[in-house]
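What follows is one structure encoded as structure tokens, with my remarks underneath.
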Amino acid sequence: MDKENFAQLVWESRDTMYRVAKSILYSEADCEDAVSQAIVNGFSRLSSLKKDEYARTWLIRIEIRECCKLYRLRRREESYETYEQKQDSRQGFVLDCGKEEYSDLYQAMLKLPLEYRVALVLYYLDGYSIKEIAQIQKTTAGTVKSRLSRGRQKLKKLLTEYQEEESYEKS
């Protein structure tokens, strides 16, 4: 793959890369950092890409690795109080750019295990096939199907809890 094709790949993958980063990380700045670092790493490792048809999968895998690295780093750096505020769904999530309330769906998604979140985002928001997600997550198609199924079940349970809390608070 040459530089022009890589630039085109990055341009075509920008929405997917952002959604994947947002499903793993909390702050906009961290998402931007992870996407930027994934592009730099992808460009510097362009020679390691064996087949051009897997370029998008390869780039997303690099990005997931960067997001996880940044997530671990931020988790170590943040105070206990900040961590607790992020976990408290009634308070909304505290982001680096200030306190913001997000939709119940987004809050519920952030409470899912990382493997479920990424699989759900790639499948439902970006339209990847189960086989492609298996390649990205370096697992089998059966595992991806299980993650999607379990992720939907947990998401449904969390959303039901949010709905019950809201109806309880209104009454």
Assigning hydrophobic clusters by single linkage (Ile, Leu, Val, Met, Phe, Trp, Tyr; side-chain heavy-atom cutoff under 4.5 Å), is Tyr18 placed with Val10?
no
Starting from Ile60, can I reach Ile130 by hopping between I/L/V/M/F/W/Y residues whose side chains sit under 4.5 Å apart?
yes
Taking only residues two or more places apart in sequence or in another chain, which ones pass ring-ring contact (aromatic ring centres under 6.0 Å, His included) with Phe43?
Phe6
Which heavy-atom pair separates [X] from [Y] by the least distance, and what is that distance?
{"X": "Val20", "Y": "Val121", "value": "N-CG1, 4.2 Å"}
{"X": "Ile133", "Y": "Ala119", "value": "CD1-O, 3.8 Å"}
{"X": "Ala34", "Y": "Leu25", "value": "CB-CD1, 3.8 Å"}
{"X": "Cys67", "Y": "Ala21", "value": "SG-CA, 3.7 Å"}
{"X": "Gln135", "Y": "Arg61", "value": "O-NH2, 2.8 Å"}
{"X": "Leu114", "Y": "Cys68", "value": "CD2-SG, 3.5 Å"}

Point-to-point distance, once rounded to the nearest 0.5 Å, from [atom1] of [X] to [atom2] of [Y]:
{"X": "Leu125", "Y": "Leu120", "atom1": "CG", "atom2": "CG", "result": "8.5 Å"}
{"X": "Ile24", "Y": "Lys69", "atom1": "CD1", "atom2": "NZ", "result": "13.0 Å"}
{"X": "Leu122", "Y": "Ile136", "atom1": "CG", "atom2": "CD1", "result": "5.0 Å"}
{"X": "Cys31", "Y": "Leu70", "atom1": "SG", "atom2": "CG", "result": "8.5 Å"}
{"X": "Met109", "Y": "Arg117", "atom1": "CE", "atom2": "CZ", "result": "8.0 Å"}

Taking C-beta and beyond as the side chain, do Leu49 and Leu59 meet within less than 4.5 Å on heavy atoms?
no
pair Arg147-Thr139: side-chain heavy atoms closer than 4.5 Å
yes
Going by ring-ring contact (aromatic ring centres under 6.0 Å, His included), name the pairs with one or both residues in residues 112-158, residues two or more places apart or in two chains.
none
By side chain to side chain contact (heavy atoms under 4.5 Å, CB included) - contacts of [X] (at least two apart):
{"X": "Ser48", "result": "Arg45, Trp58"}
{"X": "Ser146", "result": "Arg150"}
{"X": "Thr140", "result": "Thr143"}

Output a table of donor-acceptor pairs, distance under 3.5 Å, between side-chain atoms of residues 35-42 and any protein atom two or more places apart or on a different chain; print 'none' if there are none.
residue : atom : partner : partner atom : Å
Ser36   : OG   : Glu32   : O            : 2.9
Gln37   : NE2  : Asn41   : OD1          : 3.0
Asn41   : ND2  : Glu66   : OE2          : 2.6

How would you list, by chain and number, every residue that makes a side-chain hydrogen bond (donor to acceptor under 3.5 Å, both in side chains) with [X], sequence neighbours excluded?
{"X": "Gln8", "value": "Glu12"}
{"X": "Asp2", "value": "Asn5"}
{"X": "Arg56", "value": "Ser13"}

Residue pairs, two or more places apart or on separate chains, that pass salt bridge (Lys or Arg N to Asp or Glu O under 4.0 Å) and touch residues 125-142:
Arg19-Asp126
